[in-house]
Amino acid sequence: MLDLKYLRKNKETAAKQLQDRGVETGTLEALLAKDEERRTLIAKVEEMKAKRNEASDKIAFAKRQKEDASEAISEMQKVAKEIKEMDQTLADLDAEVKEAAAHLPNIAEADVPVGPDESANVEMRKWEPTDYEGRVHALTEAPAWLKPHYEIGEDLGILDFERGAKVSGARFLYYVGDGARLERAVYNFMLDEHRKEGYTEMITPIVVNDSAMFGTGQYPKFKDDAYRVRDLDQTYIPTAEVPLTNYYSGETLPAEDLPISFTALSPSFRKEAGAAGRDTRGLIRLHQFNKVEMVKFAKPEDSDSELEIMTNNAANILEKLGLPYHIITLSTGDMGFSAAKTHDVEVWIPAQNVYREISSCSNTRDFQARRMHITYRNDEGKLELVHTLNGSGLAVGRTVAAILENYQNEDGTVTIPEVLRPYMGGQEKLNKTPHH
RNA sequence: GGAGAUAUGGCACAAUCUGGUACUGCAGCGGACUCGAAAUCCGUCGAGCCGUCGUAUGGCGGUGUGCGGGUUCAAAUCCCGCUAUCUCCUCCA
């Protein structure tokens, strides 16, 4: 949620900033007109309430003196009725303003590239392992035997998309045998790395209520993409960002504890409503996938540097796994709803000859904190909204996909990255797994 | 899932039956005493949010007794719905 006072006071600047975020011109003006109407009514109704309070005090006093107050009471009956009507109108206006404001995306930070979509994204840096020449390297020249990860997985018998579809539907899968072990190794490795970097490991609820979904900005605008629990006003989380960030909703955090960093593995559920037909095969786009998430609560002056730290925490996982990646800064038109600034880490997927998003790290500044009422006491002793950040660290399924493709061998086996071997009993290779 | 109880300022609690300025203590803040501190005494303060005025410390008004409604000139108090917590039962991993 944006600060209404800011929008009011900086009408022109804000209109431009929102336009960059893809908000239609005139939206802000309409909202502020409603807000103006609302504030005028507040002044009126509050004046009447002040009168009513005064009259009530007089009636109470008269009754204590055993005097008759029926005249004053019947007079106030009219006022009470008027107040009630005005309060109703005010509540409607209030709801309209809130609803409109709740649909406005966050305003981008000043150094975010301005543009309509992903074409305006800017590459920050690029990394590839030094020993890369000896491995599959579609960056230079893809060997003829290069296979996409889903073929590797199916050939090895470690990924079963068919039975996933049979039992659940399209975009669900079973990991089998070494596939399941590899997935588990990957997220254990990630959690351990983040813990070393100071993140507190959490296991969260994976079903949350509507107010939590509102708090992080998924609701009301993106309700259609959520897996709702039937009849319960609860939702299967689309990301652990929701329960992790809402952990402190409504709370005031001790300033000396900031920044606070959380990490959690969770399944993530997405309807992928707008993605029909895209990435239909493999681990790239599923209705349910595992993700290790990072969340930070920071003082406003620290949130920019914390975003860089978090992005590096995500990138470091890929470096330790020996997977090539690059980091891009999303343009104003490509950022998510709640973000003020976003770095995407994209991993190399050789079979598709592209970098694919594997982590998205965002600073939402006070946008989520305003919705959730998370504050701290600043140096002047005043309550101030904290800044919240979130990032994937990383999408586990996509990491497995990247490992399968980048570490595949001509004979159909896959070499296990060294850092994962301790998590797999020292195993060095994925061979064909027989199963039933 | 069933029964009962509870929800009031940072904490602990009173007022709820009988509607009318939300009591008191601790903590906080200021002061006195003291070389200083503790103890004691005096004073003061009750979140947050919204509106408005002001350059500002802030003033004024509204709201605020778990949440949402209702009755009333007026609701902590009466009525309806909900949520959370506790105890007992039931069920379980």
Side-chain angles (χ1 to χ4, degrees), chain A residues 1-11 31-102 203-215 219-220 229-235 243 246-257 297 366-386:
Chain A
M1 196 81 94
L2 293 169
D3 184 7
L4 261 183
K5 281 184 197 145
Y6 170 84
L7 297 177
R8 230 181 263 153
K9 283 182 191 156
N10 307 278
K11 212 167 164 175
L31 184 153
L32 289 178
K34 274 275 178 244
D35 179 57
E36 182 67 41
E37 206 181 316
R38 176 183 142 262
R39 277 156 49 230
T40 308
L41 186 57
I42 285 177
K44 275 190 204 162
V45 75
E46 286 193 351
E47 198 183 322
M48 291 182 75
K49 282 181 178 175
K51 269 187 205 157
R52 183 182 65 181
N53 288 343
E54 207 180 315
S56 280
D57 283 349
K58 276 186 189 155
I59 291 167
F61 183 76
K63 291 233 172 181
R64 270 198 295 270
Q65 307 295 311
K66 308 279 186 207
E67 287 168 17
D68 179 54
S70 52
E71 198 181 316
I73 289 176
S74 59
E75 204 176 304
M76 289 316 290
Q77 284 174 343
K78 282 190 215 122
V79 178
K81 201 177 171 191
E82 277 180 64
I83 288 177
K84 200 172 182 182
E85 280 164 13
M86 290 171 93
D87 261 345
Q88 186 52 56
T89 314
L90 185 59
D92 292 345
L93 275 173
D94 221 47
E96 281 181 59
V97 171
K98 282 213 175 94
E99 172 72 6
I203 295 176
T204 74
I206 61 171
V207 173
V208 297
N209 61 28
D210 288 355
S211 103
M213 288 292 278
F214 177 83
Y219 286 0
V229 181
R230 197 180 166 89
D231 301 332
L232 278 183
D233 292 335
Q234 288 173 324
T235 305
N246 277 281
Y247 183 73
Y248 284 130
S249 65
E251 299 190 30
T252 298
L253 309 178
E256 64 270 22
D257 290 356
F297 304 83
D366 61 11
F367 188 84
Q368 294 180 326
R370 183 170 296 105
R371 289 180 166 220
M372 288 181 289
H373 307 291
I374 304 178
T375 54
Y376 79 105
R377 290 212 183 267
N378 63 21
D379 294 340
E380 286 155 21
K382 285 198 174 176
L383 284 180
E384 194 176 348
L385 294 167
V386 301

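Numbers restart at 1 for each chain; the letters A, B, ... are given by sequence-line order, proteins then strands.
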Between NZ of A:Lys5 and C1' of B:C53 the distance, given in whole Å, is 14 Å

Quantified in whole Å, what is the C1' atom distance between nucleotide B:C35 and nucleotide B:U21?
47 Å

Provide, to the nearest angstrom, the distance between the CG atom belonging to A:Leu385 and the P atom belonging to B:G48.
13 Å

Could you measure between the two C1' atoms, the one in B:G59 and the one in B:A5, and give it in whole Å?
45 Å

Nearest-Å distance once atom C1' is located in both B:U8 and B:U85:
16 Å

Considering only distance and modelled atom types, tabulate donor-acceptor pairs under 3.5 Å from the side chains of residues 69-82 of chain A, sequence neighbours left out.
residue: A:Ser70; atom: OG; partner: A:Asp68; partner atom: OD1; Å: 3.2
residue: A:Ser70; atom: OG; partner: A:Asp68; partner atom: OD2; Å: 2.9
residue: A:Ser74; atom: OG; partner: A:Ser70; partner atom: O; Å: 3.2
residue: A:Ser74; atom: OG; partner: A:Glu71; partner atom: O; Å: 3.0

The answer to which of A:Arg8 and A:Arg377 contacts RNA chain B further toward the 5' end, by nearest nucleotide, is A:Arg377

B/S/- along nucleotides 61-79 of chain B (protein heavy atoms under 4.0 Å) is BSS-------S-BS-----

Say we look at B:C13 and B:C67: how far apart would their C1' atoms be, to the nearest angstrom?
23 Å

Using side chain to side chain donor-acceptor pair (under 3.5 Å) as the criterion, list what pairs up with A:Asp92, not counting sequence neighbours.
A:Gln88

Only counting residues at least two apart or in another chain, list the ones meeting side-chain contact (heavy atoms from CB on, under 4.5 Å) with A:Tyr247.
A:Met202, A:Phe262

Can you tell me, in whole Å, how much space there is between the P of B:G81 and that of B:C86?
24 Å

So which of residues 31-39 of chain A are in contact with RNA chain B, with a heavy-atom cut-off of under 4.0 Å?
A:Arg38, A:Arg39

A:Glu384: which residues meet the side chain to side chain donor-acceptor pair (under 3.5 Å) condition with it, sequence neighbours left out?
A:Tyr376, A:Asn378

How close or far is atom C1' of B:C49 from atom CD1 of A:Ile374, stated in whole angstroms?
17 Å

Any residue meeting side chain to side chain donor-acceptor pair (under 3.5 Å) with A:Thr375, in chain and number order, not counting sequence neighbours:
A:Thr252

Taking atom C1' in both B:G51 and B:G69, compute the distance separating them and give it to the nearest angstrom.
25 Å

Between which residue ranges does RNA chain B form stems of three or more consecutive Watson-Crick or G-U wobble pairs, both distances under 3.5 Å?
B:1-7 with B:83-89, B:10-12 with B:24-26, B:28-32 with B:40-44, B:48-53 with B:58-63, B:66-70 with B:78-82

Residues passing the side chain to side chain donor-acceptor pair (under 3.5 Å) test with A:Asp257, sequence neighbours excluded, are none

Considering residues at least two apart in sequence or located in another chain, which fulfil the side-chain contact (heavy atoms from CB on, under 4.5 Å) criterion with A:Ile203?
none

Answer whether the closest heavy-atom distance between the side chains of A:Arg377 and A:Leu383 falls below 4.5 Å.
yes

Could you state the interatomic distance from CD (A:Gln368) to CG (A:Leu385), rounded to the nearest 0.5 Å?
12.0 Å

Under 3.5 Å donor-acceptor pairs involving side-chain atoms of residues 55-63 of chain A, not counting sequence neighbours:
residue: A:Ser56; atom: OG; partner: A:Arg52; partner atom: O; Å: 3.3

So, for A:Leu2 and A:Arg370, which heavy atoms are closest and what is the spacing to 0.1 Å?
C-NH1, 3.5 Å

Restricting to pairs with a member in residues 39-49 of chain A, which pass salt bridge (charged side-chain N to carboxylate O under 4.0 Å, His left out), not counting sequence neighbours?
A:Asp35-A:Arg39, A:Glu36-A:Arg39, A:Lys49-A:Asp87

When the C1' atoms of B:A76 and B:C91 are compared, how many Å lie between them, rounded to an integer?
38 Å

In whole angstrom, give me the gap between the C1' atoms of B:A75 and B:G31.
40 Å

